[in-house]
2 protein chains.
Amino acid sequence: MQLVPPDFDRMFGALADATRRDIVRRAIDSEEGVAELASHYPMSFAAVQKHIALLERAGLVTKRRIGRRKVVRTNLAGLIAARRLLDRYEELWRGRVDRMTQLITDTKETDR
Amino acid sequence: MQLVPPDFDRMFGALADATRRDIVRRAIDSEEGVAELASHYPMSFAAVQKHIALLERAGLVTKRRIGRRKVVRTNLAGLIAARRLLDRYEELWRGRVDRMTQLITDTKETDR
DNA sequence: ACAATATACAACCGTATGGTTGTACTAATG
DNA sequence: CATTAGTACAACCATACGGTTGTATATTGT
């Protein structure tokens, strides 16, 4: 259940960076705040904070205040939205193959 | 069967543009050359040619010489590679849910 | 209330990206 | 074999991106 229509430009753009993909992966089963996440990467706190902000705009993570921290959690709906687009492409592909097969079948039938 | 390991930075970066996603979609069931593809978009031929080159580097399309044209075709393996990464994240998510469920179950058992 | 902790954001720098135009290469056709 | 169609690529421009440092805003603990 997505509140806003997925922005695929932002979404795939957000996934096009190894650090951000790793944040998404970690935030699946951790409850870390921004600073805790930042500690895993060889860059400044601010850089990681910007990555997280970008992931949030892309709908791939959410932040929730817990005490003095803001805990980052991966947004399953976002992942699913991205994956579904790729699924659709694959479906189109298989549809194409089916149509070609059908075409060949039809041709054979009219040939005899 | 991927000849080179997928470069997810390039791959998702390539998908982070509406024009390029549309090229991928079209190239699934069309046999258009670069110029024919370019005719669909409100930008120069060279711009579209660069988009296609980028998609090719990302492993999402292939080009094949047919006559004087170079026909662009979507590379299913590339799509699948991208989708699989997202699948893995979803699996991790479900794994997390399972572990939480297990934890709750265990807790209940030790509680009684 | 104040000091400390955690997060956010602005300004800046170098490089990549998305677009343009112009030129050069390659292959089919008359 | 000269022309034309189709593709590739270089140079350039504006803007976005990934990183930095520095400053501001919340929230907690004493």
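Chain identifiers are assigned alphabetically (A, B, ...) following the order of the sequence lines, protein sequences preceding nucleic acid strands; residue numbering begins at 1 within each chain.
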Discussion item. Under 4.0 Å from OP1 or OP2 of dC17(D): is there any side-chain N or O of His51(A) that close?
Written reply: no

Response to the item:
dist Arg84(A):CZ -> Leu79(A):CG (nearest 0.5 Å) comes out at 12.5 Å

Worksheet item: When we call it a touch if two heavy atoms are under 4.0 Å apart, what does Lys63(B) touch: a base, just sugar-phosphate, or nothing?
Response: sugar-phosphate

Item to complete: Calculate the interatomic distance between Tyr41(B) atom OH and dG18(C) atom P; express it in whole Å.
Response: 15 Å

Worksheet item: Looking at Arg57(A) and Asp7(A), does any basic side-chain N land under 4.0 Å from a carboxylate oxygen?
Response: no

Worksheet item: What is the distance from CD1 of Ile66(A) to C1' of dA6(C), rounded to the nearest Å?
Response: 14 Å

Item to complete: Starting at atom CG of Leu55(A), determine the distance to atom P of dA8(C), rounded to an integer number of angstrom.
Response: 13 Å

Worksheet item: Between Lys50(B) and Glu56(B), which has a closest nucleotide on DNA chain D that is more 5'?
Response: Glu56(B)

Worksheet item: If only side-chain N and O atoms of Ser44(A) are considered, is one of them under 4.0 Å from the OP1 or OP2 phosphate oxygen of dT20(D)?
Response: yes

Worksheet item: Contact class for Gly13(B) (heavy atom, under 4.0 Å): base, sugar-phosphate, or nothing?
Response: nothing

Worksheet item: CD1 of Ile52(B) versus C1' of dA8(D): gap in Å, rounded?
Response: 12 Å

Discussion item. Applying a 4.0 Å non-hydrogen cut-off, can you work out what Ala46(A) is touching in the nucleic acid: base, sugar-phosphate, or nothing?
Written reply: base

Item to complete: Among dT26(C), dG19(D), dA8(C), find the nucleotide with the atom closest to the side chain of Met43(A).
Response: dG19(D)

Worksheet entry | Donor/acceptor link under 3.5 angstrom from Arg68(A) side chain onto base of dT27(D) | no

Worksheet item: Can a side chain N or O of Gln49(B) be found less than 4.0 Å away from OP1 or OP2 on dT7(D)?
Response: no

Discussion item. What contact category does Ala35(B) fall into here, base, sugar-phosphate, or nothing, at under 4.0 angstrom with non-hydrogen atoms?
Written reply: sugar-phosphate

Discussion item. A side-chain contact here means heavy atoms from C-beta on lying under 4.5 Å apart; do Asp29(A) and Trp93(B) qualify?
Written reply: no

Fill in: Nucleotide dG19(C), atom P - distance to CZ of Phe45(B) in whole Å
15 Å

Item to complete: With Ile23(B) as reference, evaluate Val34(B), Ile28(B), Val48(B), Thr74(B) under the side-chain contact (heavy atoms from CB on, under 4.5 Å) test and give the passing residue.
Response: Val48(B)

Worksheet item: With a 4.0 Å cut-off, would you call Glu36(A) and Arg69(A) a salt bridge?
Response: yes

Discussion item. I need the CZ-P distance between Phe12(B) and dT17(C), as an integer number of Å.
Written reply: 16 Å

Worksheet item: What integer distance in Å separates Leu54(A):CG from dA16(D):P?
Response: 13 Å

Discussion item. From CZ of Arg57(B) over to P of dG18(C), roughly how many Å is that when rounded to an integer?
Written reply: 10 Å

Worksheet item: Across the strands shown, which category fits Arg69(A) at heavy-atom distances under 4.0 angstrom: base, sugar-phosphate, nothing?
Response: sugar-phosphate

